[in-house]
Amino acid sequence: MPEGPSIVILRELVEALHLEEKQIIAVEGNTKIDKERMLHQQVIAFKSWGKHFLICFQGFSLRIHFLMFGSYRINERKDSTARLNLIFKNAELNFYTCSLKYIEGDINESYDWSIDVMAEQWDPKKALKRIKAKPQAQICDILLDQEIFSGVGNIIKNEVLYRVAIHPLSIVEAIPQTKLKLLVTAARQYSFDFLKWKKAYVLKKHWLVNTRKLCPLGHHLEKAYLGKTKRRTFFCPICQKRYASSISERSH
């Protein structure tokens with residue numbers, strides 16, 4: 001599943017085509033939504049929010065979510081049928097294996113930009129407040145909560161937890177305030193590092209634990225499917241401290 005930084009890259013690639021105020025002259029694809037609604041419409045803006053890519057028109061927007069295996073092509077096509085092809089006079093955008101949905105009205109009324117870790121409006125204080133509102137949650141689930149850390153995905157989760165030395169099964173109420181603040185800061189910082197490294201095609205070289213067998217200090221890493229989401233997690237049982245709750249935890 002593409003994480004927030006990957007969607008920012010898509011937005012920047014599309015913005016470089018200067019398609020704002022340009023008209024869509026043809027629409028194709030096997031989507032079941034009313035794709036003809038976009039025919040002859042002018043694009044107002046392209047936006048990203050977390051894992052959502054947004055194409056904004058007058059009075060409505062198209063939300064594109066790439067799910068687990070979605071992809072896109074710009075000015076070229078895959079052999080498989082696209083979910084949606086948007087064709088402009090001098091460019092085309094093609095989206096595959098993704099979820100499409102119309103968002104009615106002003107996009108700013110549907111999205112809270114302050115919880116997007118990549119947005120200028122990101123509010124770390126709001127993130128900390130929302131984390132504390134879930135005292136019994138496991139921190140591995142908190143980092144994947146899109147209402148707290150919109151755009152954070154499994155890779156960012158694994159890498160950030162190692163960097164702040166918190167075990168993924170730690171319970172929110174047991175984690176010191178200073179550690180939670182560090183986590184919030186690290187989630188945003190690593191997201192921008194992810195963006196920089198991915199653009200340079202060196203992202204995997206910078207992974208400390210994700211898909212690794214040893215941590216940077218040489219300890220054997222554990223791999224497990226943790227939290228309510230059962231997402232694949234790599235962690236170091238030595239470097240990452242587990243903060244236990246006062247209430248009995250469920251076995252993982």
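No hydrogens, no waters, no symmetry mates; every other heavy atom, side chains included, goes into these values. For this chain, numbers begin at 1 and follow the sequence in order. Just so it is clear, the structure is predicted and the values come from calculations on it, not from any experiment.
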Taking N75 for its side chain and E92 for its backbone only, find out whether a donor-acceptor pair lies under 3.5 Å.
yes
F234 side, atom CZ; E222 side, atom CD - distance, nearest 0.5 Å:
12.0 Å
Does a side-chain heavy-atom distance below 4.5 Å link I55 with M38?
no
Donor-acceptor check, side chain of R63 to backbone of H52, threshold 3.5 angstrom: yes or no?
no
With distance as the sole test, does S150 use its side chain to make a donor-acceptor pair with the main-chain N or O of D116 at under 3.5 Å?
no
Least distance between heavy atoms, L19 atom then V43 atom
O-CB, 4.0 Å
Note, T185 side chain near V164 side chain (heavy atom, < 4.5 Å)
no
Identify the heavy atoms of R11 and F53 that sit nearest to each other, and give their distance.
CA-CE1, 3.8 Å
Between CG of N154 and CZ of R231, what distance do you get to the nearest 0.5 Å?
4.0 Å
Tell me the closest heavy-atom pair linking F66 and S71, and the distance in Å.
CE2-O, 3.4 Å
Inspect the surroundings of NZ in K179 and state if more than 12 heavy atoms from other residues, nucleotides or ligands are less than 6.0 Å away.
yes
Treating E3 as the side-chain partner and G153 as the backbone partner, does any N or O pair qualify as donor plus acceptor under 3.5 Å?
yes
If you count the non-hydrogen atoms of other residues, nucleotides and ligands that lie under 6.0 Å from CD in Q121, is the total more than 12?
yes
With rounding to the nearest 0.5 Å, note down the distance linking OH in Y111 to CD1 in I103.
4.5 Å
If you take all heavy atoms of H206 and E159, which pair is closest and at what distance?
O-OE1, 4.0 Å
Do Q177 and K132 get their side chains close enough for a donor-acceptor pair, meaning under 3.5 Å?
yes
From Y190 OH over to I155 CD1, what is the distance, rounded to the nearest 0.5 angstrom?
7.0 Å
Look at the side chain of Q146 and the backbone N and O of G151, then say whether any donor-acceptor pair between them is shorter than 3.5 Å.
yes
K51 (side chain) donor-acceptor with I7 (main chain) under 3.5 angstrom
no
Reported CD-to-NZ distance for the pair E147 and K126, which is rounded to 0.5 angstrom
10.0 Å
Do the side chains of V172 and L144 join up, straight or via other hydrophobic residues, at under 4.5 Å, putting them in one cluster?
no
On the six-membered ring of Y96, is K78 placed so that its NZ or CZ lies under 6.0 angstrom from the centre and within 45° of the ring axis?
yes
Counting N and O atoms only, with roles assigned by atom type, does the side chain of R188 sit under 3.5 Å from a partner on the main chain of A119, one being a donor and the other an acceptor?
yes
Quick one: does NZ or CZ of R37 land under 6.0 Å from the six-membered ring centre of Y102, within 45 degrees of the ring axis?
yes
Determine, stepwise, if the pair W49 / D112 fulfils side chain to side chain donor-acceptor pair (under 3.5 Å).
CA-CA 9 Å; W49 181 89; D112 182 353; over 6 Å; no
Between L214 and G218, which heavy-atom pair has the shortest distance, and what is it?
CD2-O, 3.7 Å
Is a side-chain donor or acceptor of D123 paired with a backbone partner of S114 at a separation under 3.5 angstrom?
no
Tell me whether F235 is reachable from L217 by hopping between hydrophobic residues (I, L, V, M, F, W, Y) whose side-chain heavy atoms are closer than 4.5 Å.
no
Considering residues, nucleotides and ligands other than Q58, do more than 12 of their heavy atoms fall under 6.0 Å from its CD?
no
E120 CD: over 12 foreign heavy atoms closer than 6.0 Å
no
Let me confirm one number: the CG-CG distance from L100 to D34, rounded to the nearest 0.5 Å.
12.0 Å
For F46 and E15 the tightest heavy-atom approach is O-OE2, 3.5 Å
Between R83 and C98, is there a donor-acceptor pair closer than 3.5 Å when you use the side chain of the first and the backbone of the second?
yes
Considering only NZ, NE, NH1 and NH2 on the basic side and carboxylate oxygens on the acidic side, decide whether K134 and D145 come within less than 4.0 Å.
yes
